[in-house]
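What you see is a predicted model, and the numbers here were worked out from it, not measured in a lab. Each ligand, and each atom within it, is numbered from 1 in the order the structure gives.
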Amino acid sequence: MEWEAVIGLEIHTQLSTKSKIFSGSSTAFGAEPNTQACAVDLAMPGMLPVLNEEAVRMAVMFGLAIEAEIGKRSVFDRKNYFYPDLPKGYQTSQFEFPIVGRGHVEIQLEDGTNKQIGVTRAHLEEDAGKSLHEDFHGMTGIDLNRAGTPLLEIVSEPDMRSAKEAVAYLRKIHSIVTYLGICDGNMAEGSMRCDCNVSVRPKGQKEFGTRTEIKNVNSFRFVERAINSEIQRQIEILEDGGRVIQETRLYDADKNETRSMRSKEFANDYRYFPCPDLLPVVIGDDYIEAIRQSLPELPEQKRQRFSEQYGLSDYDASVLSASRAMADYFERVAEVAGDAKLAANWVMVELSRLLNQNNLEIEQSPIPAEHLGQLIQRIRDNTISGKIAKQVFEDMWNGEGSPDHIIETKGLKQVTDTGAIEAVVDEIIAKNPAQVEQYRAADEDRRKKLIGFFVGQTMKASQGKANPQQVNEVLKKKLEG
Ligand code: ADP
Ligand code: MG
């Protein structure tokens with residue numbers, strides 16, 4: 001039997017406001033525990049929340065970016081449950097009337113086609129604190145610095161059919177929120193966390209199977225692995241004649257498996273009700289329009305512009321526009337180099353290779369965009385060959401400075417002086433009489449192959465610095481003459 005996976009994601013995005021969603025405490029990451037939690041965050045009696053408008057503005061930005069309906073009247077509700085890191089005994093969230101309604105994003109699949117993924121809704125809520133289990137013997141520490149940090153929870157439709165699609169969707173959301181500047185996108189610090197809902201069904205069946213929900217996965221790689229291992233687990237259960245239990249699961253990256261956390265057979269009763277401490281949020285068309293006017297260029301628009309303006313392939317354009325930092329870097333290289341296609345090539349092949357090898361993001365590239373642009377200029381104006389350029393590139397990576405400086409101090413300038421090239425060619429011809437004889441006896445086709453030997457020898461003798469085109473011309477003339 002062939003199985004098909006069905007996946008929906010709930011993505012918790014920390015909004016990068018300076019202060020919390022309902023209090024004035026700082027949201028900065030990494031402070032000493034409990035130094036950024038005020039009386040409101042601690043749920044002291046009588047404290048009242050005050051909504052941070054910046055969080056509303058950011059949520060609307062996101063809604064507009066995914067062409068969603070904006071909730072002109074949204075309501076904060078209390079989601080009641082008990083947990084030590086939730087001092088109020090409820091989380092302030094939005095239930096029935098979220099700030100962002102139905103929208104959609106496009107993802108690019110590996111076969112080059114696009115697919116639309118529906119976003120059901122996105123709502124504002126507050127984050128909880130953190131329970132610390134490691135530092136205290138037999139006890140749990142509670143850090144409330146994170147309590148009250150604004151979150152935008154983005155809920156997708158169950159539109160994805162593989163782990164790869166789910167990752168592509170998560171990456172698209174990641175790129176939208178970082179382009180908008182409403183989230184720093186730092187998954188390692190928990191700025192984006194993802195719950196993965198997974199079910200399987202026989203291919204062709206219309207109804208969805210029973211789903212499980214893998215909580216709090218915090219990297220692209222883990223999302224892909226967690227979903228794949230969960231799909232596998234469910235298929236094995238069904239093929240053995242069992243049934244999947246609806247439950248919450250945790251992903252264990254070391255074992256690459258998910259394990260049960262709590263059953264969801266009986267849905268939690270959160271006793272949602274509108275928070276009496278907060279008024280409904282009512283926003284007008286003017287407010288929404290002003291935000292629309294302030295939106296920066298988004299990944300999708302940039303991708304289209306890159307392919308039109310620079311004549312890049314769809315694939316190249318989507319890789320280079322995937323993050324704002326990558327797009328900015330590429331455009332700066334292209335501008336300095338004066339050739340966008342060469343710039344795209346160097347960024348995607350040579351630079352990406354070293355970044356990947358060293359586990360670095362483009363923001364951490366040791367080669368400034370200007371320098372890479374200058375290097376390409378030097379290939380274009382024949383100062384160096386493409387081959388020497390790779391050597392200069394490695395030196396730039398190792399911190400040896402600008403391309404001009406490296407070319408100058410290492411004497412890598414291409415030799416274009418015909419006299420100098422002729423001298424080297426004469427030497428090679430004199431040293432290899434047998435090959436010369438063979439060449440002269442050969443027909444046109446074979447000569448084309450044989451000349452490679454002489455080109456190689458000449459380039460080697462000039463330490464790669466002779467202009468290859470000139471070498472070819474001089475060799476032909478001398479060998480045939
Ligand atoms: P809950 O509030 O209990 O988490 P929701 O109905 O809001 O449940 O759905 C949460 C997520 O689960 C959504 O992203 C949705 O697309 C996804 N989902 C719902 N049903 C399925 C299913 N059968 N298989 C996979 N994902 C599903
Ligand atoms: Mg859920």
Asks: Pick whichever of Ile11, Thr210, Asn197, Thr212 has a heavy atom sitting closest to atom 17 (C) of ligand 1.
Replies: Asn197
Asks: CD of Glu10 to CG of Asp195: how many Å apart, nearest 0.5 Å?
Replies: 5.0 Å
Asks: Report, in ascending order of atom number, the atoms of ligand 1 lying under 4.0 Å from any heavy atom of Ser156.
Replies: 13 (C), 14 (O), 15 (C), 16 (O)
Asks: For atom 8 (O) of ligand 1, state which one of Arg211, Glu213, Glu10 supplies the nearest heavy atom.
Replies: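 It is Arg211 that holds the nearest heavy atom.
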Asks: Considering the heavy atoms of Val6, write down every atom of ligand 1 situated less than 4.0 Å from one of them.
Replies: 24 (N), 25 (C)
Asks: Less than 4.0 Å between a side-chain N and a carboxylate O, is that true for Asp252 and Arg259?
Replies: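 So Arg259 pairs with Asp252 through a salt bridge.
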Asks: Which atoms of ligand 1 have any heavy atom of Phe208 under 4.0 Å away?
Replies: 23 (N)
Asks: Do the side-chain N and O atoms of Glu230 and Gln234 include a donor-acceptor pair separated by under 3.5 angstrom?
Replies: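 A donor-acceptor contact under 3.5 Å links the two side chains.
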Asks: Pull out every atom of ligand 1 sitting under 4.0 Å from any heavy atom of Glu157, numbered as shown with elements.
Replies: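 Within the 4.0 Å cut-off of Glu157, ligand 1 contributes 16 (O).
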Asks: Verify the distance criterion only: is there a donor paired with an acceptor across the side chains of Glu247 and Thr212 at less than 3.5 Å?
Replies: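 Side chains of Glu247 and Thr212: no pair found under 3.5 Å.
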Asks: Which ligand 1 atoms are under 4.0 Å away from a heavy-atom of Leu9?
Replies: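 So the answer, numbered in order with elements, is 14 (O).
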Asks: What do the steps show when you test Tyr287 against Glu53 for side chain to side chain donor-acceptor pair (under 3.5 Å), and what is the final call?
Replies: CA-CA 12 Å; Tyr287 182 80; Glu53 190 201 335; 3.2 Å; yes
Asks: Would you mind running through ligand 1 and noting each atom that sits below 4.0 Å from a heavy atom of Gly8?
Replies: 14 (O), 16 (O), 26 (N)
Asks: Hey, does Pro158 come in under 3.5 Å of ligand 1, counting only N/O atoms on both sides?
Replies: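 Yes, at least one N or O pair falls under 3.5 Å.
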Asks: Flag this pair as yes if the NZ/CZ of Arg78 is under 6.0 angstrom from the six-membered ring centre of Phe273 and inside a 45 degree cone about the axis; otherwise no.
Replies: no
Asks: I need the atoms of ligand 1 closer than 4.0 Å to a non-hydrogen atom of Val155, numbered in the order shown.
Replies: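 In order of numbering, the contacting atoms are 13 (C), 14 (O).
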Asks: Please say whether Gly209 places an N or O atom under 3.5 Å from an N or O atom belonging to ligand 1.
Replies: yes
Asks: Does Phe220 have Arg171 sitting over its ring (NZ/CZ under 6.0 Å from centre, angle to axis within 45°)?
Replies: yes
Asks: May I ask you to establish whether Lys79 and Tyr272 are in a cation-pi arrangement, using a distance under 6.0 Å from NZ or CZ to the six-membered ring centre and at most 45° from the ring axis?
Replies: no
